[in-house]
Amino acid sequence: PETITVQELSNRMAERATEVIKQLMKLGVMATINQTIDADTAEVVIQELGHTIKRVTDADVEMGMLGLEGNDEVNLIPRPPVVTIMGHVDHGKTSLLDAIRSTDVVRGEAGGITQHIGAYQVNLASGNKITFLDTPGHAAFTEMRLRGATVTDVVVLVVAADDGIMEQTIEAINHAKASQVPIIVAINKVDKPDSNPDRVKQELLQHELVVEDMGGDILCIEVSAKARTGLDKLEEAILLQAELLELKANPDRSAIGTVIESKLDKGRGSIATVLVQKGTLKVGDIFVTGNESGRVRALMNERGQQVDSAGPSLPVEVLGLNGTPNAGDDFVVVESEAKAREIAAYRGHRDRELAVAAAGRGSLEQMLAKL
Ligand code: GTP
Ligand code: MG
């Protein structure tokens with residue numbers, strides 16, 4: 001059943017909560033400000049107070065709360081592509097990421113200890129930037145996709161030239177296809193004497209991936225993460241693919257992003273790595289993320305350095321969360337703490353309702369466990 005808290009109902013009517021509570025008392029309903037009432041009761045109260053009823057979907061409510069309704073396709077400027085590297089176990093995903101990271105022109109100057117955060121941006125000598133997501137496997141990618149979080153613009157499919165297409169390669173292809181994300185193939189380990197890139201290209205045909213030299217449109221680059229060859233070509237291919245996608249975002253608005261990973265740090269509390277997708281995130285910003293809220297206390301880049309702000313496609317570690325969100329949760333800057341708390345409470349309430357509804361189909365024990 002649809003419900004609403006007294007607080008929320010009064011907010012939406014711009015009436016004082018005490019006014020709503022008074023009306024409820026007239027109906028014989030004793031409720032405090034944080035209690036929920038059902039939609040039918042709410043309807044009577046709304047009419048009594050001379051307001052009109054407009055029932056909206058959860059999504060509408062959220063968009064309204066978050067201030068995301070309306071056209072925001074303004075001030076669009078190009079943004080760096082966001083890339084996820086996928087492939088079979090041991091085919092060299094981590095090695096390739098490390099090798100690409102070593103081509104970062106800013107990294108050398110800045111020095112410092114490389115933090116292992118789940119996403120980082122590489123600054124190329126050409127002045128271009130590419131953001132890589134270091135997802136710990138397909139599970140994270142799938143989970144994000146199920147949550148409707150589309151953060152990846154391009155998938156780089158790593159296939160070891162001495163091993164060819166394997167089970168997880170096929171899984172990766174299927175994930176990328178299901179999310180309609182273009183694939184670039186990186187045939188890795190070409191330094192190995194038993195490597196056979198042509199065989200890999202043949203095998204790709206069986207999965208409807210026709211590479212360029214075979215008359216198709218799939219970009220395919222031969223690389224060696226170990227010998228560090230082909231990396232510039234791979235980066236070029238990513239940028240070319242990005243150009244075709246015309247990736248753009250408005251940096252001049254409050255930030256919207258997605259949580260890539262999160263953790264609870266003993267000293268610093270909850271920390272989330274957030275990929276900013278629109279707008280610019282700044283220290284001091286108030287936000288909602290999943291069922292949590294907070295105020296940005298500090299932003300850190302992948303080198304562990306504090307930064308004041310982060311624009312589109314830049315991943316940052318965010319400090320100042322009231323709780324730990326989940327990977328794939330949205331991250332939205334809102335205008336006030338009251339708004340942030342209201343949305344977090346609304347979502348928490350909705351999730352509990354969903355849990356109860358789901359439990360209704362299960363046993364009592366399951367229901368109690370979920371509560
Ligand atoms: P998982 O994270 O376990 O799925 O593996 P991965 O895909 O990240 O592979 P990883 O980078 O750990 O590399 C696996 C092994 O292959 C390591 O022993 C690497 O040294 C080796 N390797 C990676 N790239 C190359 C390469 O280009 N050439 C050669 N010869 N070996 C490589
Ligand atoms: Mg790895």
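As the structure lists them, so they are numbered: ligands from 1, and atoms in each ligand from 1.
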Counting only heavy atoms not in Lys177, do more than 12 fall under 6.0 Å of its NZ? yes

Given Cys220, which partner from the list Glu212, Met214, Lys201 fulfils the side chain to side chain contact (heavy atoms under 4.5 Å, CB included) test? Lys201

Chain-and-number sorted residues having a heavy-atom contact under 4.0 Å with ligand 1 are His88, Val89, Asp90, His91, Gly92, Lys93, Thr94, Ser95, Asn188, Lys189, Asp191, Lys192, Ser224, Ala225, Lys226

Charged N-O contact under 4.0 Å between Glu236 and Lys233: no

Honestly curious: do Val122 and Leu247 fall in one hydrophobic cluster under the side-chain, below-4.5 Å linking rule? yes

Nearby protein N/O/S atoms (those under 2.8 Å) for the Mg ion (ligand 2), with water ignored: Thr94 OG1

Verify whether one side chain among Gln121 and Thr131 offers a donor that lies under 3.5 Å from an acceptor in the other. yes

Would you tabulate the side-chain donor-acceptor contacts of residues 203-211 under 3.5 Å, counting partners in other chains and residues two or more places apart, or write 'none'?
| unit_1 | atom_1 | unit_2 | atom_2 | d |
| --- | --- | --- | --- | --- |
| Glu203 | OE1 | Ile165 | N | 2.8 |

Selection residues 286-299 - residue pairs positive for salt bridge (charged side-chain N to carboxylate O under 4.0 Å, His left out), sequence neighbours left out: Arg295-Glu337

For residues Thr324 and Ser270, is any side-chain donor paired with an opposing acceptor at under 3.5 Å? yes

Is it true that Leu244 and Val154 fall in one hydrophobic cluster, defined by side-chain heavy atoms closer than 4.5 Å? no

